Peer 1: 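The structure follows.
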Number of protein chains: 2
Amino acid sequence: MNEKTTIYDIAKALNVTAATVSRALNNNPKISAATRKLVMETAAKMNYKQNKLALALKSGKSNNVGVVVPYIDRNFFSAIIRGIEEELYPLGYHVIICQTHEQESAEIDNINALLNAQVDGILMSVSKLSTQTSHFEHVLNKNVPLVFFDRKKDVKGVSTVTIDDYQAGYNATKHLIEQGCSKIAHLSGDWALEIYKNRYKGYKQALLDNGITFNKDYVIKTKSDIKAGHKSVEKLMTLETPPDAIFSSSDYVALGAIQQLKKMGVKIPDDFCVIGFSNEPFTKFMELSMSTVDQLPVEMGKMSAKVFLEQVKESNVKIEKKVVLAPNLKIRATSTKK
Amino acid sequence: MNEKTTIYDIAKALNVTAATVSRALNNNPKISAATRKLVMETAAKMNYKQNKLALALKSGKSNNVGVVVPYIDRNFFSAIIRGIEEELYPLGYHVIICQTHEQESAEIDNINALLNAQVDGILMSVSKLSTQTSHFEHVLNKNVPLVFFDRKKDVKGVSTVTIDDYQAGYNATKHLIEQGCSKIAHLSGDWALEIYKNRYKGYKQALLDNGITFNKDYVIKTKSDIKAGHKSVEKLMTLETPPDAIFSSSDYVALGAIQQLKKMGVKIPDDFCVIGFSNEPFTKFMELSMSTVDQLPVEMGKMSAKVFLEQVKESNVKIEKKVVLAPNLKIRATSTKK
DNA sequence: TTGTAGGCGTTATCAC
DNA sequence: GTGATAACGCCTACAA
């Protein structure tokens, strides 16, 4: 009734051998209906639960995947994890989560631990401070599928799932131009991460395509927090020709920018438009709801899971898939002039 | 260099036996410094990684814990998971996450899967629609530690970590009274969950202790979304004597309430105060920042992890610990009259 | 249809 | 100090 029951316990109780019990439990055809029924019943009665660990050791498949993100309580990441979990759980996989706190050392540590735990795959977003790639190659050497989502590094053999950040930057900027803005600033992040560089590129191209001269004073690389938004606006507004719009690579920075602009008495959206990035939940709930770019994190998670599954299925061939999802511009109050 | 290396491979390369390798790797004292060094070096060279699965099977400890929550992308839960992960990772544990979507069937399913996976413990918040308790008893029967955080059920042998919801309700209500409100409504949740009942009890007691008559028309049980806030306010404001404040058991409901009140032209906080529950990130970023009750989810996660660890350490004695954390009232603009 | 035996990768208990 | 062997719980040829 109690404690851990094994197939041997069932076998003993029924005066058969463990092999028979195993077969009955696994619906092996070569077994009499009678014994199967008997085994099933006693298994249930003894509250038998299959030890997946033993199975994993035998089969070499743990049915666990590791997910590594900077912080799991960042909505973007937790939404991705949600997507991964919902895609993989029905197939019998479990999701093990790890946090890097944006530290490369933790990233390496996590990956090693996951490899030790014999995960069947690793899905991750690389940490901001990550520079090496050898730990990724370790994963590949062990023939463990590796998938990068959102933040990627260029590593041969790794599949990636991202949104089209270039397009997102382009669309956001174009939208601001269509609202009548012409002096558009861009608050960016560390260009060591492709996502930020690509958003910037899209921004720049949109300007050029619309006959607006690119002004490098309008581009500020900064951290991703509210305070960075305050400071950036302070700096921008002291320029000889201050901007009339901001496209920010981060919702938090955009929020800070809006706060500072309000403080300075700038009227949003009439005199100044703002658009952020990520569609953090709070953007929708601001009195002036914030325009932003939705990265469809749940979808991204599901897609990452699917790419992993393909890789598992085709374990013989090395596939390196690059999935690029379309971003979704959410036009809200902070960039809608009447 | 590549593929999975076992201690046998190392043994073969060194012309020793696997036992020796194992000992060297585990810093067993009865081994010569020379062989140890040799083993260590070749292990590194061959990129050996210990197979935790085999270790787990042998030792009966998987070093995995399961965490079961309704949705992992709800900030409250992801913050708890963050706390759990941060407390447990340094000790070599991995966190496996599961979502119930508030369905009891999924909860049962998740628990069984985790039991099959031989987790060393299960930390969870019970789903709203959960009525049975037999699946919890199953866990206990297997001698797997079970810890409930936040939402608990009364099950013998299960430790719990919660905040003092009664106190939280009391404090929030008292605060509203101190702001000069006297007709205080309460938007509650399903009383099948203790947390909601306790918040209500605290609310009621605070009224009584301050000489305010309890009015049952001011209490509405409702779902936890924005729309529920809209509807509740509509209903409340048609009462003969409409309230002048709301204590809501949910930030989302409180947000809906505020939106509806604004729409009706009610001035917050001067004519009407509102306080929510959970300290969701968005509450801080509203133009009128929302007062709320912080449940210290990261702390709650860490504490849950600690309780689990104690249980593991004292596996011989059955401990049933009840930890109650103090809530933290966040007084912000929506309840601060000038 | 069922039993026997070996192995997945480790560690622990004996020996030597 | 090191080697041989059994055991963790399960599955699966191969035999019977």
Side-chain angles (χ1 to χ4, degrees), chain A residues 3-40 42-43 46-64 92 113 115-120 142-144, chain B residues 3-40 42-43 46-64 92 113 115-120 142-144:
Chain A
E3 279 284 320
K4 323 239 175 173
T5 313
T6 74
I7 52 172
Y8 281 91
D9 300 324
I10 302 177
K12 207 174 293 170
L14 256 41
N15 249 320
V16 294
T17 156
T20 307
V21 176
S22 171
R23 282 190 273 255
L25 256 16
N26 290 291
N27 282 319
N28 188 311
K30 348 173 120 186
I31 199 118
S32 79
T35 31
R36 166 169 304 132
K37 191 169 167 233
L38 211 55
V39 168
M40 291 300 206
T42 30
M46 297 175 81
N47 193 19
Y48 168 76
K49 300 242 188 292
Q50 188 189 46
N51 185 334
K52 295 277 181 195
L53 236 42
L55 193 57
L57 179 59
K58 174 129 188 66
S59 67
K61 284 190 76 255
S62 67
N63 276 292
N64 287 149
L115 250 22
N116 287 351
Q118 308 295 119
V119 291
D120 294 343
K142 299 261 175 206
N143 274 326
V144 174
Chain B
E3 279 283 320
K4 323 240 176 172
T5 313
T6 75
I7 52 174
Y8 279 93
D9 300 324
I10 301 178
K12 207 174 292 168
L14 257 38
N15 250 318
V16 294
T17 158
T20 307
V21 176
S22 172
R23 280 189 275 254
L25 256 15
N26 289 291
N27 282 319
N28 188 310
K30 354 174 117 185
I31 201 125
S32 77
T35 32
R36 166 171 303 132
K37 191 167 165 233
L38 212 57
V39 168
M40 290 302 204
T42 29
M46 297 176 80
N47 193 19
Y48 168 76
K49 299 240 188 296
Q50 187 190 44
N51 185 333
K52 295 278 182 196
L53 235 44
L55 191 58
L57 178 59
K58 176 123 186 68
S59 68
K61 284 190 75 251
S62 67
N63 277 292
N64 287 150
L115 250 22
N116 287 350
Q118 307 295 117
V119 291
D120 294 343
K142 298 264 175 203
N143 275 326
V144 173

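These numbers come from a predicted model, not from an experiment. Proteins get letters first, then strands, A, B, ... in listed order; numbering begins at 1 in each.
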Peer 1: Can you check whether A:Leu14 reaches A:Leu38 side chain to side chain, under 4.5 Å on heavy atoms?
Peer 2: yes
Peer 1: Whole angstrom is fine here: how far is it from NZ in B:Lys4 over to P in C:dG9?
Peer 2: 9 Å
Peer 1: Hey, does the side chain of B:Gln50 come within less than 4.0 Å of C:dT11's phosphate (OP1/OP2), counting only N and O?
Peer 2: yes
Peer 1: When the distance from CG of B:Asn63 to P of C:dT10 is rounded to whole Å, what number comes out?
Peer 2: 15 Å
Peer 1: Looking at side-chain heavy atoms only, is the closest gap between A:Asn27 and A:Met40 below 4.5 Å?
Peer 2: yes
Peer 1: Do A:Leu57 and B:Asn51 have side chains that approach each other closer than 4.5 Å (heavy atoms only, starting at C-beta)?
Peer 2: yes
Peer 1: Please list, by residue number, the residues of residues 25-37 of chain B whose heavy atoms come closer than 4.0 Å to an atom of DNA chain D; answer none if no residue qualifies.
Peer 2: B:Lys30, B:Ile31, B:Ser32, B:Thr35
Peer 1: Within the 4.0 Å heavy-atom criterion, would you say B:Leu55 contacts the bases, only the backbone, or no part of the nucleic acid?
Peer 2: sugar-phosphate
Peer 1: Not counting sequence neighbours, list each pair that qualifies as a salt bridge (Lys or Arg N to Asp or Glu O under 4.0 Å) and has a residue in residues 17-38 of chain A.
Peer 2: A:Lys37-A:Glu41
Peer 1: Give each protein N/O atom lying under 3.5 Å from an N/O atom of nucleotides 3-7 of chain C, with the pair distance.
Peer 2:
| from | atom 1 | to | atom 2 | distance (Å) |
| --- | --- | --- | --- | --- |
| C:dG3 | OP2 | A:Thr17 | N | 3.1 |
| C:dG3 | OP2 | A:Thr20 | OG1 | 2.3 |
| C:dG3 | N7 | A:Arg23 | NH2 | 2.6 |
| C:dG3 | O6 | A:Arg23 | NH1 | 3.0 |
| C:dG3 | O6 | A:Arg23 | NH2 | 3.2 |
| C:dG7 | N2 | A:Lys58 | NZ | 3.3 |

Peer 1: Taking the side chain as every heavy atom from C-beta outward, state whether A:Lys142 and B:Lys49 have any atom pair closer than 4.5 Å.
Peer 2: yes
Peer 1: Nearest whole Å is fine: how far is C:dC8 C1' from A:Lys52 NZ?
Peer 2: 17 Å
Peer 1: If you round to the nearest 0.5 Å, how far is CG of A:Leu55 from CG of A:Asn26?
Peer 2: 8.0 Å
Peer 1: Are any of the side-chain heavy atoms of B:Leu53 and A:Leu53 separated by less than 4.5 Å?
Peer 2: yes
Peer 1: Earliest and latest nucleotide of DNA chain D, 5' to 3', sitting under 4.0 Å from a non-hydrogen atom of chain A?
Peer 2: D:dG9 to D:dA13
Peer 1: Answer yes or no: is there a side-chain heavy-atom contact under 4.5 Å between B:Val39 and B:Leu25?
Peer 2: yes
Peer 1: For the residue pair A:Ile31 and A:Thr20, establish whether any side-chain heavy-atom pair is separated by less than 4.5 Å.
Peer 2: yes
Peer 1: Starting from the first five and the last five pairs of the helix from C:dT1-D:dA16 to C:dC16-D:dG1, work out the angle between the resulting helix axes, to 10 degrees.
Peer 2: 50°
Peer 1: Is there a side-chain contact between A:Tyr48 and A:Val21, using heavy atoms and a 4.5 Å cut-off?
Peer 2: no
Peer 1: With sequence neighbours left out, write down each residue that passes side chain to side chain contact (heavy atoms under 4.5 Å, CB included) with A:Asp9, or none if nothing qualifies.
Peer 2: A:Thr5, A:Thr6, A:Met46
Peer 1: Assess the residue pair A:Lys52 and A:Asn63 against the criterion (side-chain contact (heavy atoms from CB on, under 4.5 Å)); give the C-alpha distance rounded to whole Å, side-chain angles, the decisive distance to 0.1 Å, and a yes or no.
Peer 2: CA-CA 9 Å; A:Lys52 295 277 181 195; A:Asn63 276 292; 5.9 Å; no
Peer 1: Do any N or O atoms from the side chain of B:Asp120 and from the backbone of B:Ser62 form a donor-acceptor pair under 3.5 angstrom?
Peer 2: yes
